Amino acid sequence: MAKIILTGDRPTGRLHIGHYVGSLRRRVELQNSGEYDRIFIMIADAQALTDNADNPEKVRQNIIEVALDYLSCGLDPAKSTLFIQSQVSELTELTFFYNNLVTVQRLQRNPTVKQEIQMRGFNDSDEADNKAGTPVGFFCYPISQAADITAFKATTVPVGEDQAPMIEQTREIVHKFNAVYGETLVMPDILLPDNSACLRLPGTDGKAKMSKSLGNCIYLSDSAEQVSAKVKGMYTDPEHLQVSDPGHVEGNTVFTYLDAFCRPEHFKKFGDKFHGRKVSFDFHSLDEVKAQYRQGGLGDVMVKNFLDAVLNDTLEPIRARRREYEKDIPYVYEVLRKGSEEARAVAAQTLADVKRAMKINYFEEGTLDELIREQAEKYK
Ligand code: TRP
(Lines give C-alpha, C1' and ligand atoms only; values in the text may rest on other atoms or scores of the structure.)
Protein backbone atom coordinates (compact mmCIF):
# COMPACT_ATOMS: atom_id res chain seq x y z
CA MET A 1 0.00 0.00 0.00
CA ALA A 2 1.20 3.50 -0.80
CA LYS A 3 2.66 5.45 2.10
CA ILE A 4 1.00 8.83 2.20
CA ILE A 5 1.39 11.75 4.58
CA LEU A 6 -1.17 14.42 5.26
CA THR A 7 -0.84 17.16 7.82
CA GLY A 8 -1.39 20.87 8.13
CA ASP A 9 -1.83 24.00 10.17
CA ARG A 10 -4.45 26.63 10.75
CA PRO A 11 -3.40 29.96 9.25
CA THR A 12 -4.14 32.15 12.27
CA GLY A 13 -0.63 33.49 12.69
CA ARG A 14 2.97 32.98 11.76
CA LEU A 15 4.39 29.64 12.80
CA HIS A 16 6.53 29.46 15.93
CA ILE A 17 9.26 27.20 17.26
CA GLY A 18 6.62 25.01 18.94
CA HIS A 19 5.30 24.20 15.45
CA TYR A 20 8.86 23.66 14.31
CA VAL A 21 9.94 21.06 16.87
CA GLY A 22 6.45 19.57 17.17
CA SER A 23 5.91 19.00 13.50
CA LEU A 24 7.68 21.07 10.82
CA ARG A 25 11.19 19.75 11.39
CA ARG A 26 9.92 16.19 11.22
CA ARG A 27 7.94 16.85 8.06
CA VAL A 28 11.02 18.04 6.28
CA GLU A 29 12.93 14.94 7.42
CA LEU A 30 10.10 12.69 6.27
CA GLN A 31 9.93 14.52 2.96
CA ASN A 32 13.63 14.08 2.39
CA SER A 33 13.72 10.46 3.57
CA GLY A 34 12.20 9.40 0.26
CA GLU A 35 10.14 6.80 2.11
CA TYR A 36 6.78 8.29 1.25
CA ASP A 37 4.93 8.04 -2.01
CA ARG A 38 3.09 11.30 -1.53
CA ILE A 39 3.10 14.13 0.96
CA PHE A 40 0.26 16.61 1.35
CA ILE A 41 0.70 19.70 3.49
CA MET A 42 -2.47 21.66 3.99
CA ILE A 43 -3.09 25.23 5.07
CA ALA A 44 -6.32 24.68 7.00
CA ASP A 45 -8.06 28.00 6.29
CA ALA A 46 -11.56 26.47 6.44
CA GLN A 47 -10.78 25.06 9.88
CA ALA A 48 -9.34 28.43 10.96
CA LEU A 49 -12.63 30.04 9.94
CA THR A 50 -14.61 27.81 12.31
CA ASP A 51 -13.70 30.17 15.13
CA ASN A 52 -12.83 33.21 13.04
CA ALA A 53 -15.99 33.63 11.01
CA ASP A 54 -15.94 37.37 11.70
CA ASN A 55 -12.28 37.74 10.85
CA PRO A 56 -11.68 36.26 7.40
CA GLU A 57 -9.03 38.89 6.70
CA LYS A 58 -6.80 37.51 9.43
CA VAL A 59 -7.04 34.04 7.92
CA ARG A 60 -6.45 35.36 4.41
CA GLN A 61 -3.33 37.30 5.40
CA ASN A 62 -1.86 34.35 7.28
CA ILE A 63 -2.10 31.93 4.36
CA ILE A 64 0.96 33.52 2.82
CA GLU A 65 2.74 33.72 6.18
CA VAL A 66 2.30 30.01 6.78
CA ALA A 67 3.31 29.19 3.21
CA LEU A 68 6.47 31.28 3.65
CA ASP A 69 7.21 29.49 6.91
CA TYR A 70 6.74 26.11 5.19
CA LEU A 71 9.05 26.92 2.31
CA SER A 72 11.68 28.48 4.51
CA CYS A 73 11.76 25.40 6.75
CA GLY A 74 12.57 23.30 3.71
CA LEU A 75 9.27 21.91 2.51
CA ASP A 76 9.86 21.51 -1.19
CA PRO A 77 6.98 21.83 -3.68
CA ALA A 78 8.76 19.34 -5.95
CA LYS A 79 8.40 16.69 -3.23
CA SER A 80 5.39 17.81 -1.21
CA THR A 81 2.01 19.10 -2.34
CA LEU A 82 1.26 22.34 -0.50
CA PHE A 83 -2.36 23.38 -0.76
CA ILE A 84 -5.20 25.46 0.69
CA GLN A 85 -8.03 23.53 2.35
CA SER A 86 -10.92 25.74 1.20
CA GLN A 87 -9.94 25.22 -2.44
CA VAL A 88 -10.71 21.52 -2.19
CA SER A 89 -14.49 21.62 -1.92
CA GLU A 90 -14.66 17.80 -1.96
CA LEU A 91 -13.58 17.96 1.68
CA THR A 92 -16.81 19.62 2.75
CA GLU A 93 -18.83 16.98 0.94
CA LEU A 94 -16.96 14.19 2.70
CA THR A 95 -17.50 15.96 6.02
CA PHE A 96 -21.24 16.06 5.38
CA PHE A 97 -21.39 12.29 5.00
CA TYR A 98 -19.07 11.61 7.94
CA ASN A 99 -21.29 13.82 10.15
CA ASN A 100 -23.76 10.94 10.18
CA LEU A 101 -21.23 8.55 11.66
CA VAL A 102 -20.40 10.62 14.75
CA THR A 103 -22.54 11.46 17.75
CA VAL A 104 -22.77 14.78 19.55
CA GLN A 105 -21.87 12.95 22.75
CA ARG A 106 -18.70 11.59 21.19
CA LEU A 107 -17.64 15.04 20.02
CA GLN A 108 -18.28 16.45 23.47
CA ARG A 109 -15.72 14.07 24.88
CA ASN A 110 -12.90 15.27 22.61
CA PRO A 111 -10.39 16.66 25.14
CA THR A 112 -8.68 19.05 22.73
CA VAL A 113 -11.95 20.58 21.56
CA LYS A 114 -13.10 20.81 25.18
CA GLN A 115 -9.97 22.67 26.13
CA GLU A 116 -10.18 24.95 23.12
CA ILE A 117 -13.81 25.80 23.91
CA GLN A 118 -12.76 26.72 27.43
CA MET A 119 -9.77 28.77 26.28
CA ARG A 120 -11.98 30.73 23.89
CA GLY A 121 -14.64 31.29 26.55
CA PHE A 122 -17.41 29.94 24.31
CA ASN A 123 -19.15 28.49 27.36
CA ASP A 124 -19.03 31.41 29.70
CA SER A 125 -20.24 34.34 27.63
CA ASP A 126 -23.72 35.52 28.65
CA GLU A 127 -26.66 35.11 26.34
CA ALA A 128 -27.13 38.78 25.58
CA ASP A 129 -23.77 38.64 23.88
CA ASN A 130 -24.42 37.36 20.40
CA LYS A 131 -21.01 35.77 20.45
CA ALA A 132 -22.17 33.40 23.18
CA GLY A 133 -21.79 29.70 22.57
CA THR A 134 -19.68 27.39 20.47
CA PRO A 135 -20.00 27.69 16.68
CA VAL A 136 -21.34 24.41 15.28
CA GLY A 137 -18.56 24.37 12.70
CA PHE A 138 -15.97 24.64 15.42
CA PHE A 139 -17.55 21.92 17.52
CA CYS A 140 -17.53 19.61 14.49
CA TYR A 141 -14.06 20.37 13.19
CA PRO A 142 -12.73 16.93 14.23
CA ILE A 143 -15.08 15.47 11.62
CA SER A 144 -13.83 17.80 8.93
CA GLN A 145 -10.30 16.84 9.97
CA ALA A 146 -11.22 13.20 9.33
CA ALA A 147 -12.25 14.29 5.83
CA ASP A 148 -8.89 16.04 5.35
CA ILE A 149 -7.00 12.92 6.32
CA THR A 150 -9.07 10.31 4.51
CA ALA A 151 -9.52 12.34 1.31
CA PHE A 152 -5.83 11.83 0.60
CA LYS A 153 -5.80 8.20 1.76
CA ALA A 154 -3.19 9.24 4.31
CA THR A 155 -1.47 6.43 6.16
CA THR A 156 0.61 8.73 8.35
CA VAL A 157 -0.34 11.96 10.09
CA PRO A 158 2.65 13.70 11.71
CA VAL A 159 1.25 16.09 14.32
CA GLY A 160 1.75 17.31 17.86
CA GLU A 161 0.27 15.57 20.86
CA ASP A 162 -2.74 17.92 21.04
CA GLN A 163 -3.94 16.47 17.74
CA ALA A 164 -4.06 12.89 19.00
CA PRO A 165 -7.81 13.07 19.78
CA MET A 166 -8.46 14.13 16.17
CA ILE A 167 -6.61 11.15 14.78
CA GLU A 168 -8.45 8.89 17.20
CA GLN A 169 -11.74 10.34 16.02
CA THR A 170 -10.67 9.87 12.40
CA ARG A 171 -9.83 6.23 13.05
CA GLU A 172 -13.28 5.69 14.52
CA ILE A 173 -14.90 7.26 11.47
CA VAL A 174 -12.82 5.12 9.12
CA HIS A 175 -13.70 2.01 11.08
CA LYS A 176 -17.40 2.83 11.10
CA PHE A 177 -17.49 3.84 7.44
CA ASN A 178 -15.76 0.66 6.31
CA ALA A 179 -17.98 -1.49 8.53
CA VAL A 180 -21.19 0.07 7.23
CA TYR A 181 -20.37 0.66 3.56
CA GLY A 182 -17.55 -1.76 2.86
CA GLU A 183 -13.76 -1.36 2.86
CA THR A 184 -13.20 2.08 1.32
CA LEU A 185 -11.21 4.41 3.56
CA VAL A 186 -7.59 4.02 4.61
CA MET A 187 -6.84 3.75 8.34
CA PRO A 188 -4.34 6.47 9.31
CA ASP A 189 -1.69 6.36 12.04
CA ILE A 190 -0.51 9.29 14.07
CA LEU A 191 3.20 10.05 14.06
CA LEU A 192 4.22 11.92 17.21
CA PRO A 193 7.53 13.74 17.68
CA ASP A 194 10.17 11.30 18.97
CA ASN A 195 11.79 13.72 21.42
CA SER A 196 9.53 14.13 24.46
CA ALA A 197 10.56 17.79 24.90
CA CYS A 198 8.96 18.38 21.51
CA LEU A 199 5.56 16.90 22.35
CA ARG A 200 4.42 20.24 23.59
CA LEU A 201 6.91 23.03 23.82
CA PRO A 202 5.99 25.41 26.65
CA GLY A 203 5.83 29.17 26.10
CA THR A 204 8.76 31.42 27.03
CA ASP A 205 6.85 32.23 30.24
CA GLY A 206 6.83 28.56 31.23
CA LYS A 207 3.08 28.20 30.57
CA ALA A 208 2.04 24.83 29.20
CA LYS A 209 1.58 25.94 25.62
CA MET A 210 3.17 28.35 23.22
CA SER A 211 0.32 30.40 21.86
CA LYS A 212 -0.09 33.69 20.12
CA SER A 213 -2.87 34.82 22.44
CA LEU A 214 -0.61 34.28 25.47
CA GLY A 215 2.18 36.33 23.87
CA ASN A 216 4.78 33.71 24.80
CA CYS A 217 5.95 32.62 21.34
CA ILE A 218 9.23 32.69 19.53
CA TYR A 219 8.34 32.92 15.85
CA LEU A 220 10.33 31.33 13.05
CA SER A 221 10.37 34.75 11.40
CA ASP A 222 11.61 36.61 14.51
CA SER A 223 14.91 38.43 14.00
CA ALA A 224 18.00 37.29 15.88
CA GLU A 225 17.60 40.31 18.17
CA GLN A 226 13.98 39.44 18.92
CA VAL A 227 14.94 35.87 19.73
CA SER A 228 17.75 37.04 22.04
CA ALA A 229 15.43 39.42 23.88
CA LYS A 230 12.81 36.71 24.33
CA VAL A 231 15.36 34.21 25.58
CA LYS A 232 16.70 36.77 28.05
CA GLY A 233 13.22 37.16 29.54
CA MET A 234 12.53 33.44 29.75
CA TYR A 235 11.14 31.65 32.73
CA THR A 236 13.70 29.39 34.44
CA ASP A 237 13.81 27.94 37.95
CA PRO A 238 12.27 30.44 40.39
CA GLU A 239 14.29 28.93 43.24
CA HIS A 240 17.61 29.35 41.48
CA LEU A 241 18.45 32.80 42.81
CA GLN A 242 22.23 32.78 43.09
CA VAL A 243 24.64 31.23 40.66
CA SER A 244 25.91 28.98 43.44
CA ASP A 245 22.41 27.67 44.28
CA PRO A 246 21.50 24.21 43.05
CA GLY A 247 18.92 24.51 40.26
CA HIS A 248 16.06 22.46 38.87
CA VAL A 249 16.23 21.22 35.33
CA GLU A 250 12.78 19.61 35.19
CA GLY A 251 10.10 22.18 34.44
CA ASN A 252 12.80 24.70 33.59
CA THR A 253 11.78 26.09 30.23
CA VAL A 254 15.33 26.95 29.18
CA PHE A 255 16.31 23.31 29.53
CA THR A 256 13.15 22.10 27.82
CA TYR A 257 14.11 24.25 24.82
CA LEU A 258 17.66 22.91 24.93
CA ASP A 259 16.29 19.36 24.95
CA ALA A 260 14.31 20.25 21.86
CA PHE A 261 16.98 22.15 19.93
CA CYS A 262 20.46 21.34 21.13
CA ARG A 263 22.59 19.03 18.98
CA PRO A 264 26.05 17.63 19.76
CA GLU A 265 27.74 19.94 17.25
CA HIS A 266 26.50 23.00 19.14
CA PHE A 267 29.03 22.25 21.87
CA LYS A 268 31.91 22.41 19.43
CA LYS A 269 30.52 25.46 17.73
CA PHE A 270 29.76 27.71 20.68
CA GLY A 271 32.85 27.46 22.80
CA ASP A 272 33.70 30.38 20.58
CA LYS A 273 31.94 33.40 19.21
CA PHE A 274 28.34 33.72 18.08
CA HIS A 275 26.46 36.88 17.19
CA GLY A 276 29.40 38.81 18.55
CA ARG A 277 28.93 37.36 21.99
CA LYS A 278 31.40 35.15 23.76
CA VAL A 279 29.53 32.15 25.04
CA SER A 280 32.61 30.36 26.39
CA PHE A 281 30.78 27.29 27.40
CA ASP A 282 33.01 24.58 28.67
CA PHE A 283 30.70 21.63 28.35
CA HIS A 284 30.59 18.73 25.95
CA SER A 285 27.05 17.52 26.31
CA LEU A 286 23.68 18.66 27.56
CA ASP A 287 23.92 16.10 30.36
CA GLU A 288 27.04 17.82 31.63
CA VAL A 289 25.30 21.20 31.58
CA LYS A 290 22.34 19.79 33.45
CA ALA A 291 24.54 18.12 36.06
CA GLN A 292 26.38 21.38 36.74
CA TYR A 293 23.13 23.34 36.95
CA ARG A 294 21.66 20.84 39.41
CA GLN A 295 24.77 20.94 41.52
CA GLY A 296 24.99 24.74 41.56
CA GLY A 297 27.55 27.12 40.13
CA LEU A 298 26.00 27.60 36.72
CA GLY A 299 24.09 30.84 36.21
CA ASP A 300 20.90 31.28 34.21
CA VAL A 301 22.54 33.95 32.08
CA MET A 302 25.14 31.48 30.86
CA VAL A 303 22.58 28.84 30.00
CA LYS A 304 20.39 31.43 28.30
CA ASN A 305 23.30 32.70 26.22
CA PHE A 306 23.94 29.16 25.10
CA LEU A 307 20.28 28.61 24.28
CA ASP A 308 20.23 31.91 22.39
CA ALA A 309 23.17 30.71 20.29
CA VAL A 310 21.62 27.30 19.68
CA LEU A 311 18.23 28.77 18.72
CA ASN A 312 19.65 31.37 16.40
CA ASP A 313 21.90 28.80 14.80
CA THR A 314 18.82 26.77 13.94
CA LEU A 315 16.69 29.72 12.90
CA GLU A 316 19.20 31.69 10.82
CA PRO A 317 19.06 29.48 7.69
CA ILE A 318 15.26 29.49 7.95
CA ARG A 319 15.22 33.29 8.16
CA ALA A 320 17.59 33.58 5.21
CA ARG A 321 15.39 31.37 3.02
CA ARG A 322 12.30 33.29 4.12
CA ARG A 323 13.85 36.57 2.96
CA GLU A 324 14.39 35.02 -0.48
CA TYR A 325 10.83 33.74 -0.81
CA GLU A 326 9.43 37.06 0.48
CA LYS A 327 10.93 38.61 -2.66
CA ASP A 328 8.92 36.27 -4.86
CA ILE A 329 5.34 36.23 -3.56
CA PRO A 330 3.87 35.36 -7.01
CA TYR A 331 5.90 32.13 -6.91
CA VAL A 332 4.52 31.27 -3.48
CA TYR A 333 0.92 31.74 -4.67
CA GLU A 334 1.67 29.69 -7.76
CA VAL A 335 2.92 26.83 -5.56
CA LEU A 336 -0.34 26.96 -3.60
CA ARG A 337 -2.51 27.22 -6.71
CA LYS A 338 -0.88 24.24 -8.37
CA GLY A 339 -0.85 22.26 -5.13
CA SER A 340 -4.55 22.95 -4.56
CA GLU A 341 -5.35 21.76 -8.07
CA GLU A 342 -3.42 18.52 -7.52
CA ALA A 343 -4.97 17.98 -4.11
CA ARG A 344 -8.41 18.49 -5.56
CA ALA A 345 -7.93 15.76 -8.15
CA VAL A 346 -6.94 13.29 -5.44
CA ALA A 347 -9.81 14.23 -3.12
CA ALA A 348 -12.28 13.96 -5.99
CA GLN A 349 -11.18 10.37 -6.51
CA THR A 350 -11.81 9.50 -2.85
CA LEU A 351 -15.16 11.28 -2.89
CA ALA A 352 -16.16 9.16 -5.88
CA ASP A 353 -15.11 6.00 -3.97
CA VAL A 354 -17.14 7.14 -0.97
CA LYS A 355 -20.25 7.90 -3.02
CA ARG A 356 -19.95 4.57 -4.77
CA ALA A 357 -19.64 2.76 -1.43
CA MET A 358 -22.69 4.63 -0.12
CA LYS A 359 -24.54 3.91 -3.36
CA ILE A 360 -25.24 7.56 -4.01
CA ASN A 361 -23.42 7.57 -7.33
CA TYR A 362 -26.69 7.44 -9.29
CA PHE A 363 -25.44 8.94 -12.50
CA GLU A 364 -22.02 7.41 -12.68
CA GLU A 365 -21.12 5.48 -15.81
CA GLY A 366 -22.89 2.10 -15.67
CA THR A 367 -24.77 2.82 -12.46
CA LEU A 368 -27.71 4.51 -14.14
CA ASP A 369 -28.36 1.54 -16.44
CA GLU A 370 -28.30 -0.74 -13.44
CA LEU A 371 -30.71 1.51 -11.53
CA ILE A 372 -33.11 1.61 -14.46
CA ARG A 373 -33.01 -2.17 -14.77
CA GLU A 374 -33.66 -2.54 -11.04
CA GLN A 375 -36.62 -0.16 -11.09
CA ALA A 376 -37.99 -1.70 -14.29
CA GLU A 377 -38.04 -5.00 -12.43
CA LYS A 378 -39.97 -3.39 -9.57
CA TYR A 379 -42.53 -1.60 -11.79
CA LYS A 380 -43.02 -4.38 -14.27
N1 TRP B 1 -5.99 20.95 13.59
C2 TRP B 1 -4.72 21.24 13.01
C3 TRP B 1 -4.14 22.43 13.78
O4 TRP B 1 -4.69 22.85 14.74
C5 TRP B 1 -4.79 21.58 11.54
C6 TRP B 1 -5.36 20.49 10.70
C7 TRP B 1 -6.52 20.54 9.98
C8 TRP B 1 -4.80 19.19 10.48
N9 TRP B 1 -6.72 19.38 9.33
C10 TRP B 1 -5.70 18.52 9.61
C11 TRP B 1 -3.66 18.54 10.95
C12 TRP B 1 -5.47 17.21 9.21
C13 TRP B 1 -3.43 17.20 10.55
C14 TRP B 1 -4.34 16.55 9.68
O15 TRP B 1 -3.13 22.97 13.41
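In this text, all values refer to a predicted model and were calculated from it rather than measured experimentally. Atoms within each ligand, like the ligands themselves, are counted from 1 in listed order.
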Practice problem: Run down the list I167, L15, D148 and name the one with the heavy atom closest to atom 9 (N) of ligand 1. | Solution: D148

Self-check item: Under 4.0 Å to a heavy atom of A44 - the qualifying atoms of ligand 1, by number
Solution: 7 (C)

Quiz item: Going by the atom numbers of ligand 1, which of them fall below 4.0 Å from some non-hydrogen atom of D9?
Solution: 15 (O)

Self-check item: Sub-3.5 Å N/O-N/O distance, Y141 and ligand 1
Solution: no

Self-check item: Within-cut-off N or O pair, Q85 and ligand 1, under 3.5 Å
Solution: no

Quiz item: Is K153 salt-bridged to D37, cutoff N-O under 4.0 Å?
Solution: no

Quiz prompt | Salt-bridge present (R337, E341; N to O < 4.0 Å) | solution = yes

Practice problem: Using only heavy-atom distances, determine whether the side chains of S89 and R344 contain a donor-acceptor pair under 3.5 Å. | Solution: yes

Quiz item: Are side-chain N/O atoms of D353 and T184 paired as donor and acceptor at under 3.5 Å?
Solution: no

Quiz prompt | Sidechain-backbone polar pair: T314 side chain, V310 backbone, donor-acceptor under 3.5 Å | solution = yes

Quiz prompt | Side-chain (D245) to main-chain (L241) donor-acceptor, under 3.5 angstrom | solution = yes

When you measure from [atom] to every protein heavy atom, which one gives the shortest distance, and what is it?
atom                    : result
atom 4 (O) of ligand 1  : R10 NE, 3.3 Å
atom 14 (C) of ligand 1 : L6 CD2, 3.6 Å
atom 8 (C) of ligand 1  : Q145 NE2, 3.4 Å

Quiz item: Looking at D328, V332, D76, which hits side-chain contact (heavy atoms from CB on, under 4.5 Å) with L71?
Solution: V332

Self-check item: Test item, M42 contacting ligand 1 (heavy atom, 4.0 angstrom)
Solution: yes

Relative to ligand 1, is [X] under 4.0 angstrom through side chain, backbone, both or neither, heavy atoms considered?
X    : result
D162 : neither
Q47  : side chain
T7   : both

Quiz item: Would a line drawn from the ring center of F97 to the ring center of Y181 be shorter than 6.0 Å?
Solution: no

